Number of protein chains: 2
Amino acid sequence: MKEGPDIARIGTLIGDPARANMLTALMGGQALTATELAQAASVSLQTASSHLSKLQDGGLITQRKQGRHRYFALADAAAGSLLESIMGFAASRGHLRQRPGPKDPALRKARVCYDHLAGDYGVRILDSFIAREVIETDGENLAVTESGRQAISELGIDLEKLAPSRRPLCKSCLDWSERRSHLAGTLGKALFQHFLDNGWARRSSESRAVLFTPEGERRFLSLFPL
Amino acid sequence: MKEGPDIARIGTLIGDPARANMLTALMGGQALTATELAQAASVSLQTASSHLSKLQDGGLITQRKQGRHRYFALADAAAGSLLESIMGFAASRGHLRQRPGPKDPALRKARVCYDHLAGDYGVRILDSFIAREVIETDGENLAVTESGRQAISELGIDLEKLAPSRRPLCKSCLDWSERRSHLAGTLGKALFQHFLDNGWARRSSESRAVLFTPEGERRFLSLFPL
DNA sequence: TTCATACTTCGATCCTAACCGAAGCATCCA
DNA sequence: TGGATGCTTCGGTTAGGATCGAAGTATGAA
């Protein structure tokens, strides 16, 4: 039975708590330095360095040198998806590191999931789209409807520009705080980016939380009614 | 950073080579006894027993007592999907346990992937469906087209009966021998079952290979032209 | 040049968990 | 009832790898 892909190698990489913490931190979507990742994982810089080179060898992360810093980020969207899958599965089996759902209310409300919005607000986007038939679903797969294309362009998103990407346009991602699906894929990313670009929301500097301005909050709730 | 799902726990479970071998064996879709799984993983029965209880605690597998045997199987389709994701990712990064693709030509040609067909033949089904517009895709998500519903019912599959399932109807699954996608989901399962039910194919007793009868081979090639 | 910062490599320690022998429990068969 | 099979539990050993101190390399600042 020595056929096939080496899933044990990927498992081992993700199976160490320090590495898992680093990967979780990188799910924030931003590149982080070795020092920052060492703090995120609560290990020394030497230990972090060793972990990072293993993650890189395994193809989960990439590094970019910039001056005397080295920035580490998830290798690509596939790596992000993989971690999302595992998070969803772990959450579905009740494997949480503390109580169900994030303790911090801000994280529960809205947080970054690699490159799109998760938490209460993330789930709301998908719920609203499905209720208004912007997106249709067969249980897991998502597709934009004809009438939905119109609605999305009215939000200020150019679907034509997103289409050429090799990543799927919409994808569902199991939310571990809400235990329901939210919108991932290039559309999910574009919507999140749209809110950042307009200054309606920003990333928290300490955690994966996303903070909305009062103006952004108002817009969000009216753009995604239930 | 102690928020969120415990991905390290899942990673650790999958990260041990013996457990990974057991899970890979269970991807064949059939329930296996502890003794069989011990052989698959090349460990003693005691060691296997310990691994199996860990996998069960982690929610990856279930056991069913039957007389003096205990049959172990993947917990559900979600567990199968998770393993598929990881296999796909591992293969995409070139993490293979030997040379790329299965050594055994029969495995390359057709094998079981939890509950549907993989390998050359598995990829062919999806290729054929897409070429004939039975299924449409946006890169990763799959959906049956209107005209496709007709074609599928002509194959002898009742789509209405598959629809109520909570699992997605069609799903792509990265094939590690072909490095391309094949058809998973309830439709993929139903098609595979259809071939088994009609006696056109059967599972190999030793491996995950699927063996076609000459009659089954002929039918397969004509039902799924390229 | 010199010092400081950011990170890697080396080496030694220590701890977890995989492993198996032996014994125990449960089920089936004769 | 006795013995065989299938599996689990217990206990002790061992190996792999996570960890960090110390030393080494690279970049930037003074």
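Here the structure is a predicted model, which means the values were calculated and not measured. Lettering follows sequence order; numbering is per chain, from 1.
Residues Glu36(B) and Thr33(B) bring a donor and an acceptor atom of their side chains to less than 3.5 Å of each other.
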Requested in this report: Report, as a single string ordered 5' to 3', how protein heavy atoms within less than 4.0 Å touch nucleotides 19-25 of chain C: B base, S sugar-phosphate only, - not at all.
Outcome: SBBB---
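Using a 4.0 Å heavy-atom criterion, one finds that Ser53(A) contacts no nucleic acid atom at all.
Taking atom CD of Gln56(B) as the reference point, atom P of dT9(D) lies 10 Å away to the nearest angstrom. Between the OH atom of Tyr71(B) and the C1' atom of dT5(D) there is a distance of 13 Å, given to the nearest Å. Note: CD (Glu36(A)) to P (dC7(C)) measures 8 Å, nearest angstrom. One atom, CD of Gln39(A), and another, C1' of dA6(C), lie 13 Å apart when rounded to the nearest Å. Rounded to whole angstrom, the span from the CD1 atom of Ile61(A) across to the C1' atom of dC7(C) amounts to 14 Å. Across the protein-nucleic acid pair, Leu32(B) atom CG and dG6(D) atom P stand 15 Å apart, rounded to whole Å. For the pair Asp57(A) CG and dG17(D) P, the interatomic distance rounds to 14 Å; values are reported in whole Å. Between the CG atom of Leu55(B) and the P atom of dC7(D) there is a distance of 16 Å, given to the nearest Å.
Legend: residues meeting salt bridge (charged side-chain N to carboxylate O under 4.0 Å, His left out) with Asp120(B), ordered by chain and number and at least two apart, are absent. Taking the side-chain contact (heavy atoms from CB on, under 4.5 Å) definition, one finds that His95(A) meets it with Ala90(A), Arg93(A), Asp6(B), Arg9(B), Ile10(B), sequence neighbours left out. The side-chain contact (heavy atoms from CB on, under 4.5 Å) check on Ser44(A) picks up Gln46(A), Thr47(A), with sequence neighbours excluded. Under the side-chain contact (heavy atoms from CB on, under 4.5 Å) criterion, Asn198(A) pairs with His194(A), Trp200(A), sequence neighbours left out. Residues meeting the side-chain contact (heavy atoms from CB on, under 4.5 Å) test with Thr12(A), sequence neighbours left out: Arg19(A). Annotation: salt bridge (charged side-chain N to carboxylate O under 4.0 Å, His left out) contacts of Glu215(A) (sequence neighbours excluded): Arg218(A), Arg219(A). In this structure, the ring-ring contact (aromatic ring centres under 6.0 Å, His included) partners of Tyr121(B), at least two apart in sequence or on a different chain, are Phe212(B), Phe220(B).
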Anything under 3.5 Å between a protein N or O and an N or O of nucleotides 25-30 of chain D, put it in a table, one pair a line.
from    : atom 1 : to       : atom 2 : distance (Å)
dT27(D) : OP1    : Lys65(A) : NZ     : 3.4

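Side-chain contact between Leu74(B) and Leu83(B) is present, with heavy atoms from C-beta onward closer than 4.5 Å.
Nearest nucleotide to the side chain of Lys54(B), out of dT8(D), dG6(D), dA18(C): dA18(C). The side chain of His69(A) sits closest to dC7(C) out of dT8(C), dC7(C), dT8(D).
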